[in-house]
Amino acid sequence: MSLEKQAAFRWQGFEVLLPEDWAPVSLIGDRREGYCRFGSPGSMGFQVRWKATRRPGRLKDSLFAYFRILQKEARRAGKAFESELEESDDGIAYRWRAHAKAQGQLFYSPVCGRVFFLELLGDRKDSLALYRRIASTFRPMDPKGPDRWSVLGLDVRFPSLVQLEKRTFQAGRTVLEFSAKGFRAQASRWGFGEQLAAQHGLARWAVAALSLSEQGTHQDGPDSLYWDGPSRLGWRSRALVRLDRDKNRILALKASYRKPQWRPEWDWLES
Amino acid sequence: MGLARILSSTLDRRRRLEPEELRKAVPMANPAVKVVSEGESGLILEAPLQTSTNRWIAGLARILKQPETKRFELEPVGAFVWKSIDGNTSFEGISRRLREQYKMSRVEADAALGAFLQMLAQRRLITLWIRGARPSRRRR
């Protein structure tokens, strides 16, 4: 896994670098508790499970409960279940092998007060050499710092924690919707950016795609524009749209906010 | 497994493609489909409409001047994919061309291409040839 072929995945307060051609298969839960799984083009997958807790308790008990489920599955598949684990100050590293095989670790992060379960899973024939590389890039984010989300080419950051309300992954379009107190935002990433801009014009496309009014739309350079909407009941709205020619995509952020610290800035949309 | 799913899997013998199979599959254009115009804005395809074997219905269609062909307009990206469907290039090969031409990631190119080919197949403009495929029951 070379560095240039990795893509960052930042989700619910953690980040990890995965091979670029791996795609999210399952994304469940919120910041407190959740699960996500990425699938490779082949038979491998990487999964992260997390749960907020004040006292991490005995990680080993959680791992053994997981092993018991795997043992049942292995029995049903007619395979023997083998496992090995190694405890350290950082947590527990483990491997198992049965109808499939996996390598993973279980640890408590005092940075965000959550227990994380990382696992690279594959068929019996797959090599799990990638595990160390992926696990070494895993990092829980500080909840006091900026909140950053990256998935499928969309990369957006906010000054403080936001809650994910909705996600839409379609061919050529990724949309995440967020909320916080006095703040609502929709971040989107559109493929075929140059073709869309050439066909419709960036401003006309943005007005139609983001439901903006033509009034208030201002060009901010050849490939970017912003829109300031009218103020209503103390809510202001602003949209930022940028054509990224290097990656042939359009990044957009449309937000409604009450307080000035939630007014979107260009560096919220990463390139 | 619910009753509806059991019934569906019993009656529907079509097989769901595994991602690996899809990548090796070769899209083949329907030979009856012709390119009638081509330009910078894309291309226009023309396909014959299925005519009824019932002579009364066929006669009625003639009287009502029902068109014998149908046209499909493909925008430039769709036209690029259509031109790549040469009967030799696999899904993976077309996806690679898309990634190079439009600076897309593999995930994005595969998803966009899969959706587009499905649309073409539903309109009977192409069919997917799967090398060495054996018919089997649809998997859950």
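Lettering of chains follows the sequences in order, A, B, ..., and the numbering in each one begins at 1. Quick note: numbers below take in every heavy atom, side chains included, and nothing from hydrogens, waters or symmetry partners. None of the values given here were measured: they were computed from a predicted structure.
Taking a 6.0 Å sphere around NZ of A/Lys166, one finds it holds 12 or fewer heavy atoms contributed by other residues, nucleotides or ligands. Annotation: A/Glu165, atom CD; neighbour count of heavy atoms from other residues, nucleotides and ligands within 6.0 Å is above 12. In the displayed structure, A/Arg124 atom CZ is contacted under 6.0 Å by more than 12 heavy atoms of other residues, nucleotides or ligands. Counted within 6.0 Å of NZ on B/Lys24, heavy atoms from surrounding residues, nucleotides or ligands total 12 or fewer; the atom is thus considered open. No more than 12 heavy atoms of other residues, nucleotides or ligands shown are found within 6.0 angstrom of CZ on A/Arg95.
Using modelled atom types, one side-chain atom of B/Arg23 and one backbone atom of A/Pro41 make a donor-acceptor pair closer than 3.5 Å.
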> Does the pair A/Glu194 and B/Lys103 meet the rule for a salt bridge (Lys or Arg N to Asp or Glu O under 4.0 Å), with working shown?
Replying inline: CA-CA 10 Å; A/Glu194 283 183 300; B/Lys103 302 172 199 165; 3.4 Å; yes
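Of all heavy-atom pairs spanning A/Phe192 and B/Val77, the tightest one is CE2-CG1, 3.4 Å. Taking all atoms of both residues into account, the shortest heavy-atom contact from A/Leu152 to B/Val107 is CD2-CG1, 3.7 Å.
In this structure, the separation between CG on A/Asn248 and OG on B/Ser105 is 11.5 Å, given to the nearest 0.5 Å.
Taking the charged nitrogens against the carboxylate oxygens, B/Glu108 and A/Arg189 do have a contact shorter than 4.0 Å, which makes a salt bridge.
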